[in-house]
Protein chains: 2
Amino acid sequence: MRRDIFQAIADPTRRAILVLLAVQAMTPNAIAEHFEIKRQSISKHLRILSECDLLKPRQEGREIFYELKIDKMKEIDIWLDQFRKIMEQSFKQLDDVLYTLKNKKK
Amino acid sequence: MRRDIFQAIADPTRRAILVLLAVQAMTPNAIAEHFEIKRQSISKHLRILSECDLLKPRQEGREIFYELKIDKMKEIDIWLDQFRKIMEQSFKQLDDVLYTLKNKKK
DNA sequence: ATTTTGCGCAACCGATCGGCTTCGCATATA
DNA sequence: TATATGCGAAGCCGATCGGTTGCGCAAAAT
C-alpha cells in the first residue's frame with residue numbers, strides 16, 4: 001500500500017470524484033451515476049481516497065455520504081512550493097546576470 | 001500509455017528527480033548516483049517525464065542533460081484552482097449564512 | 001585502432017492497479 | 001415478517017508498473 005496523495009490523484013476517475021465531492025457530499029450510488037463503472041469500483045476508489053485522508057465518510061442510515069476534506073489538497077500545493085521557490089531563485093540569479101551585464105556595459 | 005502529468009508525479013522517485021532537476025540539469029548517470037536503482041531504471045523514468053513534456057533533453061557529446069520544463073508544473077496548479085474556487089464559493093455561502101443569522105438576531 | 005564510457009532499447013518478472021462478479025450484512029420498505 | 005436497497009469485502013483477471021539484466025551504438029579516451 002503506497003497510498004500517498006499523489007498516487008491517489010494519479011487516477012482520472014479519482015480526480016473526477018474529488019471534483020464532484022468538492023461541490024457536495026455524495027453517496028457511492030450517486031457518484032456511480034456519473035461514471036460508466038460499477039458502484040463497487042467507485043467504492044474501491046472511495047476507500048483509497050479515504051485512506052489518503054482526502055475524504056470523510058458520514059453514515060446516515062444505510063447511506064454513506066463522502067465529503068471532501070479540502071484541506072488535504074494543500075499538501076499538493078506545499079509540494080509545488082518547492083518549485084515556485086526554485087523558480088524565484090532562478091529569476092533572482094537571472095536578475096544578477098542582467099545586473100552584471102548592465103554594469104559591464106558602463 | 002496514460003502518461004499524463006498526474007501519473008508522472010505519482011511515483012516518488014520521479015518526484016525526487018523533478019526536484020533534483022529543478023536545481024540544475026543533469027545526466028542520467030549523475031541522477032542515478034542519488035538513488036539506489038540502476039541507471040537504466042532512471043532512464044525509464046526520464047522517458048516518462050519527457051513524454052509528459054516535463055523534461056527537455058539536451059545532447060552534449062555522448063552525454064544527455066535533462067532539464068526541467070518548469071512551466072509544465074503549472075498544469076497541476078491549474079487543476080488545484082478548481083478547488084480553490086469551490087472553497088471560495090463555500091466561504092461565500094458561509095458568509096451568507098452568517099449574514100442571515102446576524103439579521104435574524106435583530 | 002582498441003578500449004572505456006554514457007546512453008537507450010528490449011525482454012523479462014513479480015507486484016500492483018482498476019475493472020469485474022459474487023457475497024453477506026444492515027437498514028429501509030412492503 | 002418478508003423483500004428491496006445501499007453498502008463494503010473478497011476474489012478473480014488482464015494490463016500496467018517499476019525494477020532487473022543484457023544487449024548495441026556512438027563518443028571519448030587510451
Query raised in the report: Applying the 4.5 Å side-chain criterion to the ILVMFWY set and letting contacts propagate, would A:F83 and B:L46 be lumped into a single cluster?
Result: yes

Side-chain donor-acceptor pairs of residues 15-35 of chain B under 3.5 Å, sequence neighbours excluded:
{"residue": "B:R15", "atom": "NH1", "partner": "B:I9", "partner atom": "O", "Å": "2.7"}
{"residue": "B:R15", "atom": "NH1", "partner": "B:A10", "partner atom": "O", "Å": "3.1"}
{"residue": "B:T27", "atom": "OG1", "partner": "B:A30", "partner atom": "N", "Å": "3.3"}
{"residue": "B:H34", "atom": "ND1", "partner": "B:A30", "partner atom": "O", "Å": "3.2"}

Report task. Could you tell me whether the side chain of A:D4 reaches within less than 4.5 Å of the side chain of A:E75, counting heavy atoms only? Result -> no

Query raised in the report: Mind checking what makes side-chain contact (heavy atoms from CB on, under 4.5 Å) contact with B:K38, not counting sequence neighbours?
Result: B:Q40, B:S41

Query raised in the report: If only side-chain N and O atoms of B:H45 are considered, is one of them under 4.0 Å from the OP1 or OP2 phosphate oxygen of D:dG19?
Result: yes

Report task. Could you grab the distance from atom OG1 of A:T13 to atom CG of A:L49, nearest 0.5 Å is fine? Result -> 10.5 Å

Requested in this report: Figure out the CG/C1' separation between A:D11 and C:dT16, and round it to whole Å.
Outcome: 13 Å

Report summary line: Double-helix bend of the helix from C:dA1-D:dT30 to C:dA30-D:dT1, axes at both ends from 5 pairs, round to 10°, gives 10°

Query - Flag side-chain contact, heavy atom, 4.5 Å: A:S50 against A:Y66 - result: yes

Requested in this report: Mark yes or no for whether A:Q59, through its side chain, and A:G61, through its backbone, hold a donor-acceptor pair below 3.5 Å.
Outcome: yes

Collect all protein-nucleotide pairs involving nucleotides 2-5 of chain C in which both atoms are nitrogen or oxygen and the distance is under 3.5 Å.
{"residue": "C:dT5", "atom": "O2", "partner": "B:R62", "partner atom": "NH1", "Å": "2.7"}

Report task. Could you check B:F65 against A:I42 and say which one's nearest nucleotide on DNA chain C is further toward the 5' end? Result -> B:F65

Query raised in the report: Rounded to the Å, how far apart are B:L49 CG and D:dC17 C1'?
Result: 14 Å

Requested in this report: Considering only NZ, NE, NH1 and NH2 on the basic side and carboxylate oxygens on the acidic side, decide whether B:K69 and B:E67 come within less than 4.0 Å.
Outcome: no

Requested in this report: Compare all side-chain heavy atoms of B:W79 with those of A:M73 and state whether any distance is below 4.5 angstrom.
Outcome: yes

Query raised in the report: Is it true that A:D77 and A:K74 make a salt bridge, defined as a side-chain N closer than 4.0 Å to a carboxylate O?
Result: no

Report task. Starting from C1' on C:dT16, measure out to CD1 on A:I48 and report it in whole angstrom. Result -> 10 Å

Report summary line: When rounded to whole Å, the CD to P distance for the pair B:E51 and C:dC9 reads 9 Å

Query raised in the report: For B:E63 and D:dA28, what is the distance between atoms CD and P respectively, to the nearest whole Å?
Result: 9 Å

**Report entry** Listed nucleotide nearest any side-chain atom of A:I64, set C:dG8, C:dC7, D:dC7
**Finding:** D:dC7

Report task. Give a yes/no answer on whether the side chain of B:T27 brings an N or O atom under 4.0 Å of OP1 or OP2 in C:dC7. Result -> yes

Query raised in the report: Are B:F6 and A:L80 connected, step by step, through hydrophobic side chains (Ile, Leu, Val, Met, Phe, Trp, Tyr) whose heavy atoms are closer than 4.5 Å?
Result: yes

Report task. Give the rounded distance in Å between these two atoms: CG of B:L46 and C1' of C:dG6. Result -> 13 Å

Query raised in the report: Between C:dC17, D:dG8, C:dC9, which nucleotide gets closest to the side-chain atoms of A:Q7?
Result: C:dC17

Requested in this report: Considering just the side-chain nitrogens and oxygens of A:S50, establish if one lies under 4.0 Å of OP1 or OP2 belonging to D:dG8.
Outcome: no

**Report entry** N or O in side chain of B:R3 less than 4.0 angstrom from D:dC17 OP1/OP2
**Finding:** yes

Query - Nearest-angstrom distance from the residue atom CZ of B:F6 to P of C:dG18 - result: 15 Å

**Report entry** Distance, rounded to the nearest Å, where A:Q59 contributes CD and D:dG6 contributes C1'
**Finding:** 10 Å

Query raised in the report: Can you find a pair of side-chain heavy atoms, one from B:D11 and one from B:H45, that are under 4.5 Å apart?
Result: yes

Query raised in the report: Of all of residues 18-26 of chain A, which get a heavy atom below 4.0 angstrom from DNA chain C, listed by number?
Result: none

**Report entry** DNA chain C-proximal residues of residues 34-41 of chain B, any heavy atom under 4.0 Å
**Finding:** B:R39, B:Q40

Report task. For residues A:K72 and A:I5, determine if any side-chain heavy atom of one lies less than 4.5 Å from a side-chain heavy atom of the other. Result -> yes

Query - B:R47 CZ: over 12 foreign heavy atoms closer than 6.0 Å - result: no

Query raised in the report: Under 3.5 Å, is there a donor-acceptor pair between the side chain of B:R14 and the main chain of B:A8?
Result: yes

